[in-house]
Amino acid sequence: MRSMFTNPVLIKELKLRFRAFKSFSGIMFYLLALSIFVFGFIFVSMEFNLSGFINSQESVLLFSLLTFVQLALTLFITPGMTAGSISSEREKQTLNILLTTAQSSFQIIFGKMSSSIVFLLLLLIAGLPIYSLVFLFGGVSPTQLLVIFAFLILTMLAIGSIGVMFSTILRKTILSMIVTYGSMLFLTGVTAFFFLISVRMNVSSTTGVTSPSIFAYFWGTINPIALMMTLISPEMLEEFYEVTKIHFPIWAGYLIFYSIVTVVCLFIAIKRLRVNMKKAR
């Protein structure tokens, strides 16, 4: 564990990333856009509310919108930051130099992925003061916020591991990004399509009764947007259980699936990192 945080690759990547002006300018513009959205929502809600205050329902709506903004940030920025971590080193012809150092394959992969994850965590943490405004109006508990952040971190790790794996396997950064974003499209859009088909096929054409469907439960469980909706709205969770007829916790299935995805992708990336170097020898 100590060697993870004294990893030279991780330290070097963190210094390069956090000393760059574009990193902090990106955080500044992100927080500026988020602040304009939140205060604009509060202003509009107070203008159209007869009481002049924001009620708990509007507070929950604001929290939901902010949560989906953070989810979109995770789904669309993480691939761009991790899909070129190894392939960019190969294109700059510095990967062989990195592989000849005393660093193990695990340290290189861990350092490359962790530097991107830490920056994304900084974005999430920087938005916490804006998130905290919803507690002033009620309707949202701190526990719910912690659960949302745990879900975002798990999703971030899984997507980061997918991006690093394709960056290790594929030689070109642009191709790695295309495949990684294609994986995100599959996990968000295609799984939702398969979920709807599974639900439709599970309904009996004669009686109209829905029987338990493992496929519908699986496609709904691995969809990040579906899980986010069930975490925000308990009514959506009950409706999901009613449709699939399976009452195993959806968050547990999501945790198991994406933990396996993270471990498998990192394992493949570590094993494939030095393949080309061994062939050259």
Side-chain angles (χ1 to χ4, degrees), residues 4 7-14 16-17 20 22-23 26 71-121 123 152-194 219 222-225 257-281:
M4 293 183 183
N7 187 345
V9 178
L10 175 60
I11 295 174
K12 187 263 292 184
E13 291 292 330
L14 289 176
L16 290 177
R17 189 176 300 276
K22 63 179 182 180
S23 299
L71 179 60
L73 171 76
T74 302
L75 293 177
F76 293 102
I77 295 184
T78 306
M81 298 186 67
T82 59
S85 55
I86 302 298
S87 57
S88 61
E89 294 284 348
R90 187 182 292 112
E91 291 174 347
K92 292 185 294 186
Q93 298 182 355
T94 56
L95 181 60
N96 289 335
I97 299 175
L98 184 62
L99 294 178
T100 55
T101 62
Q103 305 305 309
S104 64
S105 298
F106 172 78
Q107 288 178 310
I108 295 173
I109 295 296
F110 179 81
K112 287 288 188 179
M113 188 184 76
S114 298
S115 62
S116 301
I117 298 300
V118 168
F119 179 76
L120 291 171
L121 284 176
L123 281 178
L152 291 174
I153 292 173
L154 175 62
T155 306
M156 197 182 300
L157 289 172
I159 296 174
S161 64
I162 293 173
V164 171
M165 180 190 68
F166 285 125
S167 180
T168 306
I169 296 175
L170 303 175
R171 302 186 63 87
K172 297 296 183 180
T173 300
I174 184 65
L175 182 59
S176 174
M177 286 189 177
I178 291 174
V179 176
T180 306
Y181 276 109
S183 301
M184 295 306 99
L185 179 62
F186 174 82
L187 293 174
T188 54
V190 178
T191 55
F193 177 71
F194 286 162
W219 294 120
I222 68 175
N223 190 297
I225 299 177
F257 177 80
Y258 281 100
S259 297
I260 295 175
V261 168
T262 302
V263 173
V264 171
C265 289
L266 290 179
F267 178 79
I268 294 174
I270 292 171
K271 289 298 181 182
R272 293 283 300 177
L273 181 62
R274 299 180 184 270
V275 170
N276 294 332
M277 188 176 182
K278 290 180 180 179
K279 289 181 179 179
R281 288 179 179 177

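Note: hydrogens, waters and symmetry copies are ignored here, and every other heavy atom, side chains too, is used.
The minimum heavy-atom distance linking M165 with A269 is given by the pair CA-CB, 4.0 Å. Nearest heavy-atom pair across W219 and T191 is CB-O, 3.6 Å. Taking each heavy atom of S87 and A83 in turn, the nearest pair found is OG-O, 3.5 Å. Across every non-hydrogen atom of S161 and T262, the tightest pair is OG-CA, 3.4 Å. Contact record, E91 with K172: OE2-CA, 3.4 Å, taken as the closest heavy-atom pair. Counting all heavy atoms, side chain and backbone alike, S85 lies closest to S167 at N-OG, 3.4 Å.
Residue F186 places its CZ atom among more than 12 non-hydrogen atoms of other residues, nucleotides or ligands, all under 6.0 Å distant. Within a 6.0 Å radius of CZ in F267, other residues, nucleotides and ligands contribute 12 heavy atoms or fewer.
Taken to the nearest 0.5 Å, the CD1 atom of I109 stands 12.0 Å off from the CZ atom of R272. The structure places CG of L75 at 10.0 Å from OH of Y181, a figure rounded to the nearest 0.5 Å. Here the straight-line distance linking atom CE of M177 with atom OG of S88 works out to 8.0 Å at 0.5 Å rounding. For the atom pair CG (N223) and OG1 (T188), the distance works out to 6.5 Å, reported to the nearest 0.5 Å. From I222, atom CD1 reaches atom CZ of F257 across 4.5 Å, with rounding to the nearest 0.5 Å. To the nearest 0.5 angstrom, L121 atom CG is 11.0 Å from S116 atom OG.
Side-chain N or O atoms of T180 include one that pairs as donor or acceptor with a backbone N or O of S176 at under 3.5 Å. Judged by distance alone, with hydrogens and angles left aside, the side-chain atoms of R90 form a donor-acceptor pair with the main-chain N or O of L170 at under 3.5 Å. Looking at T168, its side chain never comes within 3.5 Å of a backbone N or O of L273 through a donor-acceptor pair.
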If you apply the rule side-chain contact (heavy atoms from CB on, under 4.5 Å), what do you find for L120 with T74, and how did you get there?
CA-CA 8 Å; L120 291 171; T74 302; over 6 Å; no
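Contact of the P79 side chain with the F166 side chain is not registered, since no non-hydrogen atoms from C-beta on lie closer than 4.5 Å. By the 4.5 Å heavy-atom criterion applied to side chains, I162 and M184 are counted as neighbours. The side-chain heavy atoms of L152 and L73, taken from C-beta on, include no pair separated by under 4.5 Å.
Taking the side-chain hydrogen bond (donor to acceptor under 3.5 Å, both in side chains) definition, one finds that S259 meets it with nothing, sequence neighbours left out. In this view, S114 satisfies the side-chain hydrogen bond (donor to acceptor under 3.5 Å, both in side chains) rule with no residue, not counting sequence neighbours.
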